[in-house]
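A short write-up of the structure that comes next.
These numbers come from a predicted model, not from an experiment.
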Amino acid sequence: MVEIELDGQKVEVVEGSMVMHAAEKAGTYIPHFCYHKKLSIAANCRMCLVEVEKAPKPMPACATPVTQGMIVRTKSDRAIAAQKSVMEFLLINHPLDCPICDQGGECQLQDLAVGYGGTKSRYEEEKRVVFHKEVGPLISMEEMSRCIHCTRCVRFGQEVAGAMELGMSHRGEHAEIETFLGQTIDSELSGNMIDICPVGALTSKPFRYHARTWELSRRKSVAAHDSSGANLIVQVKNNQVMRVVPLENEDVNECWIADRDRFSYEALNGPERLTQPMLKQGGEWKTVDWQTALEYVANGLRNIQRDHGANSIGALVSPHSTVEELYLAGALVRGLGSDNIDHRLRNAEFGAAEGVRTLGTSVASLSTLQRVLVVGSNLRKDHPLFALRVRHAVRHGAAVNLITDKAAFSHADAWAMPVANAVLADAFAWAQTLADVATAIAAEKGVAAPCAGTASAQAQAIAKSLLSGERKAVLLGNAAAHHANASTLLALANWIAEQTGASVGYLTEAANTVGAQWVGAQPQTGGKHAGQMLDGSLKAAILLNTEPEFDTAAGAASAAALDKAEMVVTLSPFKANMAFSDVLLPIAPFTETSGSFVNAEGRLQSFHAVVKPLAETRPAWKVLRVLANLLDIPGVAFETSQEVLARATAQAMKASNATTAVIHLSGTSPAPAVAAIYQLDSIVRRAPSLQLTADARQEVAP
């Protein structure tokens, strides 16, 4: 440790730290623009100039290493004069367009200009003009004359997103931040550039000119589109979600969020929202009141239960639904005498409920891994925030090993990080490839291999990688979870992890995949799984937050299967499944209801509604509770979602990841069903700006 004196206060910091780090520890604010705690030091704005005793001139706090006994003054006359000079320099060419700037009210330059700017400029020359750039549907670069060349956006792309999509061209007054050869910004994390831009050069294109920051109410929430459980600040005006930005949580999402969490809010105010209950009568849809719709559903379920038996009733539930919704859906179906409920909509293999399968380690620990093996995942697109952490680990020496198909790793930069060893094979060969790695590990350790395999050169390279280092993980992706031989892949992964000292777990697909397992939203006593419920045998189907044509492994065939049912009830925020449904019940999306998600690591996070439900929309947990009451199902008289959560928690399964005892390598298996990045759920699919991105335009991989 090194001790310095900062504004008369003794501060101890780690050797190699900068004066800025010491100031942060002491709680002293030093004005700055280019410095960001998650990015490398650039020292190109010079706003953080401070006085260092015995130094001939003011020094940049962000780039001046501390030394023992150093004396620093951040608020001396000399330091303040230097900072004011820098501010005057920065404002020479900055346009006076605050009244029309989206950054107004939350602009770092605007705030610091109040304290460090002059009342008038000494420069009378015309300000420079930088022409706007078109970089895609998410980020606006219409007013690049505001740019102060802090290069935060450039460094973010290089260091965090892994793809340098922006750079600085030319020099001096001709310098500009722009993309290469007029390309668009296509990173799945690109929206974070908007947050870290200290001026109004990069702004949100969907939010542009919609509201002023001081008009917005800020409310906390949790991301609903993948298993990271990212913490959000949802900004609201006139009972509408206007913008979504990250809420910093170092253990979960640091200070970043993925673009689908940031921009999907557009769907919440879109034209496809379902605002009233609807019944299909004579082939035509008619709006009805809630009492009529619920009584119709209750009577229909009761009649089908009487005529065809409880086993003819089933529920397909989305793992993007909350813990409370999934628990009550299970209580409703089981209260009718059926065990036909499943959240594993894209799975090809349906094993018995053997426990809750999680990430197997903490989300934060992904940043400190030294060796990792990823099986069956396009990590960058499936889990952008997990990829961000693994990318950080790689930058600090970690080695990533990969077993997946060519679609998930189409070229060397597909993951935006170096990959030490990559085996690109069709899905049916993944089990054999893992067996080969296990055989190579067994040979290295002199133990018996779990099954027949060949220690190929690639397998040996992965084996040696996993046998070295200390902090390791074997991570099974969405395609591995949905695989026809998922249990075999898990068994082999468990064996490899045990032999190499690695953790093992699933990246998990949806916001509440772990929570769905936790509350038993899958057959417990021999009921039909999702695949069986979509074979046309159901007489009554309840669809919670799901569109089977897009969300299940059956795909388009699911529509024909469900069309055979006597009654299909869709609970959705949108006008979905209209071709084969008989009833549409408008339920609230995550922004309009209270609830809880359990992320990949098993972290339970609850949230409140940030706006009132739209029109006649109702929270799904309330709809399911009333349906259960109409059907005389006992034990569901809950008044709040917190009561539902307490009951679900009390009855939750408490089990660790299961290990399959027998490893069987089959010859072939169908390709697993995997959703593209902007096709994952009903909200993302209806977000206009996301659907205009390069990722959305690409063909969905089989």
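Applying the ring-ring contact (aromatic ring centres under 6.0 Å, His included) criterion to F597, with sequence neighbours excluded, gives F607. Residues satisfying the ring-ring contact (aromatic ring centres under 6.0 Å, His included) criterion with H320, sequence neighbours excluded, are absent altogether. Taking D195 as the reference, N192, V245, P246, R262 meet the side chain to side chain contact (heavy atoms under 4.5 Å, CB included) condition, with sequence neighbours excluded.
The cationic atom of R647 (NZ for Lys, CZ for Arg) does not lie both less than 6.0 Å from the six-membered ring centre of Y327 and within 45° of the ring axis. Geometrically, R243 engages F207 in a cation-pi contact defined by less than 6.0 Å to the ring centre and at most 45° from the axis.
Proximity of W256 to P384: side-chain heavy atoms (C-beta onward) are nowhere separated by under 4.5 Å.
Side-chain atoms of Q305 come within 3.5 Å of backbone atoms of L336 as a donor-acceptor pair (strictly under, hydrogens ignored). No donor-acceptor distance shorter than 3.5 angstrom exists from the side chain of H483 to the backbone of A481, with no hydrogens or angles considered. The main-chain N or O of Y209 is found under 3.5 Å from a side-chain atom of D102 such that the two form a donor-acceptor pair.
A side chain to side chain contact (heavy atoms under 4.5 Å, CB included) with N512 holds for exactly one of V519, V323, N599; it is V323.
E284 CD: 12 or fewer foreign heavy atoms inside a 6.0 Å radius. Remark: K528 NZ is packed, more than 12 non-hydrogen atoms of other residues, nucleotides or ligands lying under 6.0 Å away.
Between S487 and E349, the side chains place a donor N or O and an acceptor N or O closer than 3.5 Å (distance only, hydrogens not considered).
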From CA spacing to verdict: salt bridge (Lys or Arg N to Asp or Glu O under 4.0 Å), K539, D307
CA-CA 10 Å; K539 296 299 181 182; D307 297 340; over 6 Å; no
